[in-house]
Structures are given as C-alpha cells and as structure tokens.
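Report on the structure given below.
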Amino acid sequence: MHSMNGLKFHPDIIKNCPPSDASPGSGLIYRMVKSFPPASDDFDSDVERKTKNCDQTNCDCWGCSVWADSDGVETAMNLFKYWRKRYIVSVSLKSSDGLTKNSPSNGQPGHYTFWKAVGVDLSNKCTIFRSPDEK
C-alpha cells in the first residue's frame with residue numbers, strides 16, 4: 001500500500017502519486033455527482049470507477065475531479081452546460097481524508113484533483129451546493 005504524509009492510498013497507485021506537492025485536504029471542496037445523497041464510490045478515482053479514456057499511468061486519473069471554490073464550479077457549469085443536469089455537492093475535508101492539488105484543465109483554472117485516502121467515505125458528509133438544472 002502506498003503512503004504519503006501518513007496517509008495510505010490505493011495499493012495499485014502508480015509511483016510518485018499523489019505528487020509530492022499535493023496538499024493535505026482542508027476546507028470545502030465541490031464535486032459533481034449523479035444523485036443525492038452521493039454513493040460512497042462517488043469520490044473514488046477515475047481508475048477505480050473505470051472512467052472512459054482514463055490513463056492508468058497518469059497520476060491525475062488516480063484521483064477525482066473537484067473544485068476548491070464556487071467560482072470554479074460556476075466556470076465549469078458555463079463551459080459544460082450538460083453538467084447542469086447533475087448535483088454539485090460540497091464537503092469539508094480534514095487532512096486525514098486525502099490530498100489535493102490544483103490541476104487546471106479545459107479552461108478551468110479552479111479545477112483540482114483529490115486523492116482520497118484508503119478507507120475514507122465522504123458520502124455521508126456532503127451537502128447539496130447546486131441541484132440539477134438550477135439557474
């Protein structure tokens with residue numbers, strides 16, 4: 001099992017992942033989910049969820065996409081209108097929940113990757129930030 005900062009991560013995670021410059025989780029993060037309440041696997045990595053076009057040699061694929069603030073969420077909703085059909089939940093992270101790193105992509109400067117520590121379940125700690133098709 002891979003460990004970093006005292007946290008344990010998926011046993012098959014690639015070397016040097018999460019990266020050494022990832023930060024302990026703290027404060028609110030926002031995540032897109034299909035339903036509310038979210039399922040326990042909604043914060044699993046893209047690799048674990050077998051996300052289409054996921055590259056197992058890319059460290060970001062061993063995490064999941066999140067935003068660190070409401071501006072990041074709004075930018076994403078404006079760029080990808082079909083995401084408005086999903087829930088956006090917020091959850092307050094503790095340092096024992098995992099690591100985060102800013103990973104801007106697709107015109108989203110507020111995009112982050114979150115690597116969840118083994119055994120962490122955030123599903124019962126989420127609140128609705130944005131409901132589907134909310135203006």
Side-chain angles (χ1 to χ4, degrees):
M1 180 134 340
H2 176 71
S3 64
M4 182 177 172
N5 290 6
L7 301 174
K8 294 186 184 326
F9 295 95
H10 193 281
D12 298 328
I13 200 167
I14 60 175
K15 188 176 181 176
N16 300 319
C17 186
S20 59
D21 59 348
S23 303
S26 67
L28 284 178
I29 60 168
Y30 302 84
R31 171 94 172 130
M32 182 173 44
V33 296
K34 291 181 183 177
S35 61
F36 190 86
S40 60
D41 65 355
D42 276 330
F43 287 85
D44 282 357
S45 71
D46 290 347
V47 171
E48 292 170 290
R49 290 182 295 112
K50 297 179 176 31
T51 301
K52 191 177 179 179
N53 299 325
C54 182
D55 178 0
Q56 292 189 21
T57 65
N58 180 341
C59 184
D60 285 353
C61 287
W62 286 94
C64 67
S65 293
V66 298
W67 300 280
D69 58 37
S70 58
D71 288 344
V73 172
E74 196 57 39
T75 297
M77 294 301 107
N78 289 329
L79 286 170
F80 305 100
K81 304 281 189 214
Y82 56 93
W83 285 358
R84 294 180 176 272
K85 298 181 186 313
R86 301 287 175 98
Y87 286 92
I88 304 294
V89 296
S90 64
V91 62
S92 183
L93 292 182
K94 300 181 299 189
S95 60
S96 59
D97 291 331
L99 300 174
T100 61
K101 181 180 177 184
N102 184 230
S103 52
S105 66
N106 298 324
Q108 299 180 75
H111 179 271
Y112 281 69
T113 299
F114 170 65
W115 294 272
K116 182 182 73 168
V118 168
V120 169
D121 183 357
L122 298 173
S123 63
N124 60 352
K125 300 175 185 175
C126 294
T127 57
I128 295 174
F129 174 72
R130 188 181 184 289
S131 294
D133 293 320
E134 194 175 286
K135 301 285 183 218

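Keep in mind that the numbers below use all heavy atoms, side chains included, and drop hydrogens, waters and symmetry copies.
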(request) Find the distance between SG (Cys61) and CG (Asp46) and round it off to the nearest 0.5 Å. (result) 5.5 Å
(message) With rounding to the nearest 0.5 angstrom, report the CH2 to OG1 distance, Trp115 to Thr100.
(response)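 Spacing of CH2 (Trp115) from OG1 (Thr100) equals 8.0 Å.
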(message) Could you check whether Trp62 and Gln56, counting side-chain N and O atoms only, form a donor-acceptor pair closer than 3.5 Å?
(response) no
(message) Quiz question: by atom type and distance under 3.5 Å, do the side chains of Thr127 and Ser90 form a donor-acceptor pair?
(response)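 Yes, side-chain donor-acceptor contact under 3.5 Å.
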(message) For Lys101, run the side chain to side chain donor-acceptor pair (under 3.5 Å) check against Asp60, Asp21, Thr113 and tell me which one passes.
(response) Asp21
(request) Taking all non-hydrogen atoms of both residues into account, name the closest pair between Phe129 and Ser70 and its distance. (result)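 Shortest heavy-atom contact: CZ-CB, 3.6 Å.
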(request) Locate the shortest heavy-atom distance separating Asp97 from Ser92; write the atom from each residue and the value. (result) OD2-O, 4.2 Å
(message) Any heavy-atom pair between the side chains of Asn106 and Leu79 that's under 4.5 Å?
(response) no
(request) Check whether any side-chain heavy atom of Phe80 sits under 4.5 Å from a side-chain heavy atom of Gln108, and report yes or no. (result)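 Phe80 reaches Gln108 side chain to side chain.
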(message) Please tell me whether Cys59 and Cys17 are bridged, where bridged means their SG atoms are separated by under 2.5 Å.
(response) yes
(request) Look at the aromatic rings of His111 and Trp67 and report parallel, tilted or perpendicular, splitting at 30° and 60°. (result)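 Ring orientation of His111 relative to Trp67: perpendicular.
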(message) Tell me whether Lys116 is salt-bridged to Asp44, with the criterion being a basic N under 4.0 Å from an acidic carboxylate O.
(response) yes
Could you go through residues 24-34 and list every donor-acceptor pair under 3.5 Å that involves a side-chain atom there, pairing it with any protein atom two or more places apart or in another chain?
residue : atom : partner : partner atom : Å
Arg31   : NE   : Asp42   : O            : 2.8
Arg31   : NH1  : Ser65   : O            : 2.8
Arg31   : NH2  : Asp42   : O            : 3.1

